[in-house]
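Structure, as structure tokens:
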Amino acid sequence: MKANLKMSAKLFPKQKRDKIDTVQSRTSFDRNENVLMDAFLAWTGLDSFRRMCDRNEMYTFADQWNDKVLDPRTCKYITERQHILNQGNIPLQNNRLRGIVRSVSGVFQSTQTEPVCVSRDRDKQSKGEMMSATIQYVYQLNKLWGLDAACFTNFLVTGIGMFRSTFGWRKGKMDVWTDLINHKRIFFDNHMEDPRHWDCHLIGEIHDVGLYDVMAQFADGSPEKAEEIRRIYSSCDRDRTIARVENLVKDARRFQNFFIPDDETRCRVIEIWKQESKERLLVHDKLTGEFYKAEVEEQRHLNSENEKRMAEQAAQGIESENMKLIDFQWFIDNYWYYYFMSPQGDILKEGETPFWHESHPYSFKIYPFFNSKVYPFVGDFIDQQRYINRLITLQDFVTRSTAKGVLAIHQDSIPDGMTAKDFADEWAVFNGVIVYKGKTGVPMPQQIVSNSAQLGLTDMLSIQLKLLEDISGVQGALQGQAPKSGTPASLYMQQTQNSTTSLTELFEAFRELREERDNKNLKLIQQYYTEPRYININGNNARPETMLYEPNTVRNSEFDLSITESTSTPAYRLVMNDFLMQLFSAQQITLEELLQNGAFPFSDKLLQAINSRKQEAEAAQEAMMNGGQTPSMQQQLVPEDIQQQITQNTNPLVQQMLAGNNVA
């Protein structure tokens, strides 16, 4: 009995499976409130973090009496500065945190480092040298050494450092650009637990830009899209570009809002990068050896290609198990997807990540990231700074409240015709004379000078200063303070080394951030540098053949990048040149090897001259072997008729030279 397929399909219809794709299909400038809400929740989750960063910033750079306390008289919260002023005292502060941050940042900058690429194919290490020179070119283009120093200071104060690496048009050229991101403008996933941050699924930042900048970036050459953007940001004041706010001395972004820009002249653009999911095919082409991803809709094309290959290879007598076919399997692909949105949820631009590194353009590091929380370096010793300020203010109050040169006189001691003020003025005058008649039982005038009360404030202040050094790990030797009398030089160097050792973990965390950023810059170079370009780095001793970037040579190569101590410092170049000169004096290396590996300002010009001379010598040798004339002998011979005409008026020496040429 045969089954009735039509009847079976009618009575038992198959349920259509929903296609797995978290990205909704939309047209231009549609709204997506769900993604915008995810970004807003991530932003809101960092409110406490931003308040902590504001407090650390105030203690490091500005007012250290800005914490709020309860005023018992009004039952309202006021700043500690106002509370001290209400008591008639003067709030004093001695900022020790700024010196500590400056010292640690100075240690970081004193050890200049640079990225070095190592090719995984050791036989082609010249590729690694070429990429190292190109990465260092990007460093110089973006002034990354200075940008790293600024980011490191922010890293100490807030506990987070972030860069953004992109490729685009800027300063009249298309190139790789790296920017430092303000911690007040970022938001990211609040489910992260990995200290490497590999489990981040959402990240982004808020931009405040001009209306015409938004139109230029997202109109895509369409006047209709430009007008739509103008409609979306119709509330922006297009006639003014500068808002009236205090600059450089006031934080206008302290109370920043996710949806509202800092001022009415700017347009708020929200950049969101989110991991989306979609069902795809993982494809392995055994004929070419390629691995790649394909859409599910391409399965029919892959099957037809396999059928075609099976027929062709069977005709060639290839066994079925040895055929080079296309293998594929279904899987859920997690990929990065970007959105540029308005505060109302309008999508200005969206799409899958265009970068070869298949990730977002941000590189960030949170340190220390313990139990999904951050504990910035500066926050560890704020309490010691507060106590130091309190002791100084208390010492000032005690000093001001003690008697200092108070004149005590009995009323009967004032001579007739003088007031107490006249007596006090005459007492304070240099060489002053006061004539009065002493009376029995009346004490003589005396001046009272009282020392400050010994409350142990000096000892307590010394203890807090010592605790500040112990907790921060920044000893006096690291700050460059002069050692005490009798301190051995070896002990002073050991103290400096111990302070540096206690900060190693901090430097290592920031090095990981730089490596992540440089790896993304490396991928951007491989992706977007499509034309050969000459890479010349000042102070670099790279070989001439590695100064020309050849995109076809390194486009599909894999490199291991690491941050090492820079070889471009004057001290390193001096040692290197001295060592090479010793080898050259011992005739262990040639002059060309000396110039190629040394860091001499005249190396390139001298190498060109040597190579040119070698080429001439080789050409002369080849000409002699072929029986021809050498380049030095290639002169125009003087014909006999012309020689006879000039012989009469020619110097005898010139005649001999002409005769010699004719003989030759």
Side-chain angles (χ1 to χ4, degrees), residues 112-117 119 126-151 161-182 205 207 209-210 212-221 269 271 273 336 338 340 349 351-364 513-540 542 544-559 561-563 566 568:
Q112 189 174 8
T113 56
E114 61 186 9
V116 174
C117 298
S119 176
S126 59
K127 293 183 179 180
E129 296 180 12
M130 182 190 302
M131 289 306 302
S132 297
T134 310
I135 282 288
Q136 292 166 25
Y137 158 75
V138 173
Y139 261 62
Q140 289 190 352
L141 176 66
N142 291 274
K143 302 184 183 300
L144 286 185
W145 283 285
L147 203 65
D148 286 343
C151 183
M162 178 176 285
F163 295 98
R164 187 176 190 270
S165 301
T166 56
F167 182 87
W169 181 265
R170 192 183 300 183
K171 293 187 176 182
K173 61 173 65 176
M174 292 290 291
D175 221 309
V176 176
W177 305 101
T178 299
D179 300 306
L180 179 62
I181 306 302
N182 192 335
E205 66 172 315
H207 305 272
V209 294
Y212 297 108
D213 293 333
V214 181
M215 296 169 65
Q217 184 174 358
F218 300 109
D220 296 331
V269 177
E271 181 179 359
W273 289 77
W336 284 96
Y338 67 87
F340 287 90
K349 190 176 182 180
E352 191 172 347
T353 175
F355 306 123
W356 279 8
H357 53 68
E358 298 182 349
S359 182
H360 51 79
Y362 298 100
S363 306
F364 69 103
L513 168 62
R514 295 177 60 198
E515 282 190 356
E516 181 184 357
R517 177 201 63 195
D518 293 342
N519 272 306
K520 289 190 175 181
N521 285 342
L522 177 67
K523 289 296 183 181
L524 291 177
I525 290 172
Q526 291 180 295
Q527 179 179 358
Y528 292 107
Y529 280 18
T530 57
E531 298 292 334
R533 60 176 65 192
Y534 183 71
I535 305 295
N536 190 12
I537 307 298
N538 294 331
N540 194 306
E545 58 266 23
T546 64
M547 292 184 180
L548 179 64
Y549 178 82
E550 291 286 354
N552 296 330
T553 305
V554 297
R555 193 170 182 83
N556 297 317
S557 301
E558 289 293 332
F559 299 94
L561 184 144
S562 61
I563 303 294
S566 176
S568 59

Which heavy atom of [X] sits nearest a heavy atom of [Y], and at what distance?
X	Y	answer
Arg170	Trp177	O-CZ2, 3.1 Å
Gln136	Pro115	NE2-O, 3.4 Å
Tyr549	Gln526	OH-CA, 3.9 Å
Lys520	Ser359	NZ-OG, 3.8 Å
Leu180	Met162	CD1-O, 3.4 Å
Phe355	Trp273	CE1-CH2, 3.8 Å

Which distance, rounded to the nearest 0.5 Å, do you find between the [atom1] of [X] and the [atom2] of [Y]?
X	Y	atom1	atom2	value
Ile135	Asn521	CD1	CG	5.5 Å
Leu144	Arg514	CG	CZ	8.5 Å
Asp518	Glu114	CG	CD	11.0 Å

Between [X] and [Y] (side chain of the first, backbone of the second, donor and acceptor by atom type, cut-off under 3.5 Å), is there such a pair?
X	Y	value
Gln527	Pro354	yes
Asn142	Thr178	yes
Glu358	Thr353	no
Ser363	Leu513	no

| Where do Leu147 and Arg517 land on the side chain to side chain contact (heavy atoms under 4.5 Å, CB included) test, with the steps shown first? | CA-CA 12 Å; Leu147 203 65; Arg517 177 201 63 195; 5.7 Å; no

Note, [X] side chain near [Y] side chain (heavy atom, < 4.5 Å):
X	Y	answer
Phe340	Val214	no
Ser132	Val116	yes
Asp175	Tyr529	yes
Asn519	His357	no
Pro361	Ser165	no
Phe163	Ile181	no

| task | Walk me through it: do Val176 and Tyr137 pass the test side chain to side chain contact (heavy atoms under 4.5 Å, CB included)? | result | CA-CA 10 Å; Val176 176; Tyr137 158 75; over 6 Å; no

| message | Parallel, tilted or perpendicular, judged at 30° and 60°: which one describes the rings of Phe364 and His360? | response | tilted

| said: What verdict does the side chain to side chain contact (heavy atoms under 4.5 Å, CB included) test give for Leu141 and Lys173, after you've listed the backbone C-alpha separation in whole Å, the side-chain angles of each residue and the deciding distance to 0.1 Å? | reply: CA-CA 11 Å; Leu141 176 66; Lys173 61 173 65 176; 3.9 Å; yes

| Partner residues of His207 under the ring pair (Phe, Tyr, Trp, His ring centres under 6.0 Å) criterion, sequence neighbours left out |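 If we apply the ring pair (Phe, Tyr, Trp, His ring centres under 6.0 Å) test to His207, skipping adjacent residues, there are no hits.
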
